[in-house]
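Below is one structure, written out as structure tokens; comments come after it.
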Amino acid sequence: MTPPTTPYLLTPGPLTTSPETKAAMLNDWGSWDDDFNQVTADVRAQLLAMADAADSEFACVPMQGSGTFAVESALACAVAPHGKALVLMNGAYGKRAAQLLHMMGRRYVTLDKGDYLPPQPDEVDALLHQDPEISAVFLVHCETSSGILNPLEAIAEVVHAHGKTLIVDAMSSFGGVPLSLSKTPIDVLISSANKCIEGVPGFGFVIIRRELLDAGEGRAHSLSLDLHAQWAYMERTGQWRFTPPTHTVVAFQAALAQHRAEGGVAGRCARYTQNRDALVAGMRALGFATLLEDRWLSPIITTFLSPDDPAFAFRDFYAALKARGFLIYPGKLTEVDSFRIGCIGQLDVAVIDTLLLAIQDALSEMGVSISPHLSTHLSPQAWSA
Ligand SMILES: *Cc1c(COP(=O)(O)O)cnc(C)c1O
């Protein structure tokens, strides 16, 4: 892998992109021009194929902005004004979905599992039995706040059995974790350019069942985040409804070609998993503990507990690693001190090995000593599934 000219971003997007992806941004494109429209059409078709979603059943609608803009537009389209959503929460992104529904005046209930426990299929089943008014369920696939990979397939079966709509925030997993819309009953899937497909930030996209898209006409609370209007305009003209992030879209097409060359989702998942395994083994050897048990670790990002040693301060640790060419990510837990390290982007095991040396070096510079302990933080009872 060619080393980047900037520090390595060990973050869940924006992340380290390849020289080819960066180079694709060196041209300017007319937003209404045929050449650019073809890029948009190609990207939309490739995303449907990556999701294993039949063109007759699903549409792919790109939306300008960061990932949250796409989540907002999807919720506004897929949750009927007279409907009610069940939001499954175990971190910041589930909470954000509830906040979005609140702000757009949609009814919702929540299942809040705290910082990191996974929502269980039988809990979802019970809630759907209790409250037949629930019309849609929202689930975050990889909850990036802790790095947990939630049990999507099992929950999808439950939601499908109840005949409800399933909306999945697959922002940080799509393209890096296998997922098939023809095998798993998902109605709406949301992701963005700057996560596992390794593009640069600027737009998100929604893969949505065509009948839900049709039903969403006129529902949006927002002019610019009207998913149906964006889709209708794009179908009619081939263009984005308002100024598209042209350079980002072209870079994304280059990133898609590299994704294919790496063996698609399977190839990328294999590399990310190797990164994660090398990272977790190396960090445990240094004495760090992961927040989660192995079976819940995603190949996307891992949360480590901060050492007890008072000489450890995240701010100093961050600065010491930055000086060594690596940007890590702060923790997002409410109960315990933690930090996160991402496994996605243009990184391989050689980069992780260099990172581990840099971490060891930074700790000795800070005068931090940690006693090796291999157990995870959580008690086994907390995990009884
Ligand atoms: C990154 C991410 C988002 C979107 O965040 P933005 O900052 O708006 O791009 C949403 N959900 C999850 C799970 C994410 O990882």
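We count ligands from 1, going down the list as the structure has it; atoms in each ligand are counted the same way.
At least one heavy atom of Val140 sits less than 4.0 Å from an atom of ligand 1. By the 4.0 Å heavy-atom criterion, Lys195 is counted among the residues contacting ligand 1. Between Cys142 and ligand 1 there is a heavy-atom distance shorter than 4.0 Å.
Regarding atom 11 (N) of ligand 1, its nearest protein heavy-atom neighbour is Asp169 OD2, 2.6 Å. The nearest heavy-atom contact from the protein to atom 9 (O) of ligand 1 is Gly67 N, 3.0 Å.
Polar contact with ligand 1: absent for Glu143 (N/O pair, distance under 3.5 Å).
Residue Thr68 has at least one heavy-atom neighbour below 4.0 Å for each of these atoms of ligand 1: 4 (C), 5 (O), 6 (P), 8 (O). For ligand 1 and Thr144, the ligand atoms under 4.0 Å from any heavy atom of the residue are 12 (C), 13 (C), 14 (C), 15 (O). Distances below 4.0 Å separate heavy atoms of Ser172 from the following atoms of ligand 1: 15 (O).
Donor-acceptor pairing under 3.5 Å is lacking for the side chains of Asp115 and Asn90. Between the side chains of Lys195 and Ser172, no donor N or O sits under 3.5 Å from an acceptor N or O. In summary, the side chains of His247 and Asp28 do present a donor paired with an acceptor at a separation below 3.5 Å, with no hydrogens or angles considered.
Distance check, rounded to the nearest 0.5 Å: CD of Gln99 to CE of Met103 gives 6.5 Å. Taking OG1 of Thr302 as the start and CG of Leu292 as the end, the distance is 8.5 Å to the nearest 0.5 Å.
Between Tyr233 and Trp240, the distance from one ring center to the other does not fall under 6.0 angstrom.
Taking the six-membered ring where the residue is Trp, Tyr8 and Phe326 present parallel rings, their angle staying beneath 30° rather than reaching 60°.
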